[in-house]
Amino acid sequence: MFLTKDTRLTLHDGNAIPVMGLGTYASAEVPKSDGTEATKLAIDLGYRHIDCAYIYGNEVQIGEAIRSKIADGTVKREEIFYTGKLWCSFFSPNLVRQGLEASLKALQLDYLDLFIMHWPFSVKPSDAHSNQPLDFDDVDFCLTWEALEGCKDAGLVKSIGVSNFNRRQLERLLNKPGLKYKPVCNQVEYHVYLNQSKLHEYCKCHNIVLVAYSVLGTARDNTWVDPNSPVLLEDPVLRSVAAKYNRSPAEVAMRFILQKGAVVLAKSFNPTRLKQNLGVFEFELKPEDMEMLDGLNRNLRYAQFTVMKQHPEYPFHDEY
């Protein structure tokens with residue numbers, strides 16, 4: 001499978017998504033300016049897919065980085081693929097466009113390349129960036145989707161998709177009466193310990209691209225990750241395969257996902273790692289090594305977001 005940093009997957013609506021994206025989530029302790037500088041460097045290095053979200057609270061800084069690289073001639077706007085996410089407090093149909101416009105205003109961009117529902121459930125309107133507990137709501141995500149279709153028709157977004165949907169939820173959306181646009185993607189946790197084989201197969205059957213987050217097993221943020229969970233990059237099998245190719249475990253973990261046909265979001269603000277991550281395009285895993293890495297699957301989900309478990313549409317109760 002020949003891949004380069006310029007490789008894009010064609011979505012079923014005709015738009016194309018770069019196979020490697022920069023993830024921009026950072027914990028509250030990380031200065032927002034780090035995201036600005038990392039995004040600028042990533043664009044200089046050749047990253048063209050930037051993944052962010054309203055709830056991350058850093059769209060102003062990420063937008064500033066993108067616009068500065070457009071202004072200095074490094075890229076044109078049409079070369080950047082920006083993914084934004086509709087936060088759950090904007091799921092009421094009359095609030096969807098407001099949620100989108102809040103992101104556009106923060107970014108100071110005219111449109112988003114991809115806008116996805118962050119979760120398959122809603123919370124009551126509130127200040128999403130406060131530390132208040134989530135107050136669940138019961139908005140049907142199918143109604144939210146209709147409003148997203150309207151945003152696409154208005155030219156504010158080029159493609160629309162979902163995140164953290166399980167098979168049952170995708171099926172309900174795809175079978176919605178009057179569906180105008182299918183989701184182009186489903187962004188989910190995906191790595192060698194959670195290979196998402198059944199969900200990926202279902203998505204392939206419906207021409208939905210899987211976009212992988214937490215490909216390296218997540219940062220050890222114990223506010224939402226069990227500190228006792230295994231460290232993926234220390235796995236002895238992964239490390240032995242990496243040694244065979246004279247690559248880092250991180251490069252092999254990401255290359256595995258790419259060869260599975262998914263899009264990889266590589267989250268790092270570290271300049272050295274940003275450069276190293278592009279090494280995934282300099283080698284190809286042999287079939288026997290892909291099979292060995294497939295065998296590491298434990299159906300282990302690092303990002304369980306247990307605070308959300310009480311919602312009836314919490315997606316991780318189902319097998320896939």
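- Judged by distance alone, the side chain of R48 and the main-chain N or O of V75 form no donor-acceptor pair under 3.5 Å.
- Residue pairs satisfying the side-chain hydrogen bond (donor to acceptor under 3.5 Å, both in side chains) criterion with at least one member in residues 230-243, sequence neighbours excluded, are listed as follows: Y193-D235.
- Under the side-chain hydrogen bond (donor to acceptor under 3.5 Å, both in side chains) criterion, S122 pairs with no residue, sequence neighbours left out.
- By the salt bridge (charged side-chain N to carboxylate O under 4.0 Å, His left out) test, K204 pairs with no residue at all, sequence neighbours left out.
- Looking at residues two or more places apart in sequence or on another chain, you find a side-chain hydrogen bond (donor to acceptor under 3.5 Å, both in side chains) between D289 and K244, Y245.
- Side chain of E189 to backbone of A303: a donor-acceptor contact under 3.5 angstrom is found.
- Counting only residues at least two apart or in different chains, side-chain hydrogen bond (donor to acceptor under 3.5 Å, both in side chains) contacts with residues 33-45 comprise D44-K69.
- In this structure, the salt bridge (charged side-chain N to carboxylate O under 4.0 Å, His left out) partners of K176, at least two apart in sequence or on a different chain, are E146.
- Here the side chain of R168 pairs no donor or acceptor atom with the backbone of E171 at under 3.5 angstrom.
- Take H206 and apply the ring pair (Phe, Tyr, Trp, His ring centres under 6.0 Å) test, not counting sequence neighbours, and it matches Y202.
- Salt bridge present: D153 and K180 bring a charged side-chain N and a carboxylate O closer than 4.0 Å.
- Taking the six-membered ring where the residue is Trp, the centroids of F165 and F141 are separated by under 6.0 Å.
- Counting only residues at least two apart or in different chains, side-chain hydrogen bond (donor to acceptor under 3.5 Å, both in side chains) contacts with residues 250-264 comprise R247-E251, S248-E251, R255-Q259, K260-D294.
- Sorted by first and then second residue, the pairs that involve residues 80-99 and meet salt bridge (charged side-chain N to carboxylate O under 4.0 Å, His left out), not counting sequence neighbours, are D51-K85, R97-E101.
- Every side-chain hydrogen bond (donor to acceptor under 3.5 Å, both in side chains) that S159 has, sequence neighbours left out, goes to D13, N15.
- Evaluation of the side-chain hydrogen bond (donor to acceptor under 3.5 Å, both in side chains) rule for R172 yields D140, E313 as partners, not counting sequence neighbours.
- Here E79 pairs with nothing under the salt bridge (charged side-chain N to carboxylate O under 4.0 Å, His left out) rule; sequence neighbours left out.
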Exercise for the section: For ring pair (Phe, Tyr, Trp, His ring centres under 6.0 Å), just list the numbers for Y25 and Y213, CA-CA rounded to whole Å, side-chain angles, deciding distance to a tenth of an Å, and then say yes or no. Expected result: CA-CA 11 Å; Y25 169 78; Y213 69 74; over 10 Å; no
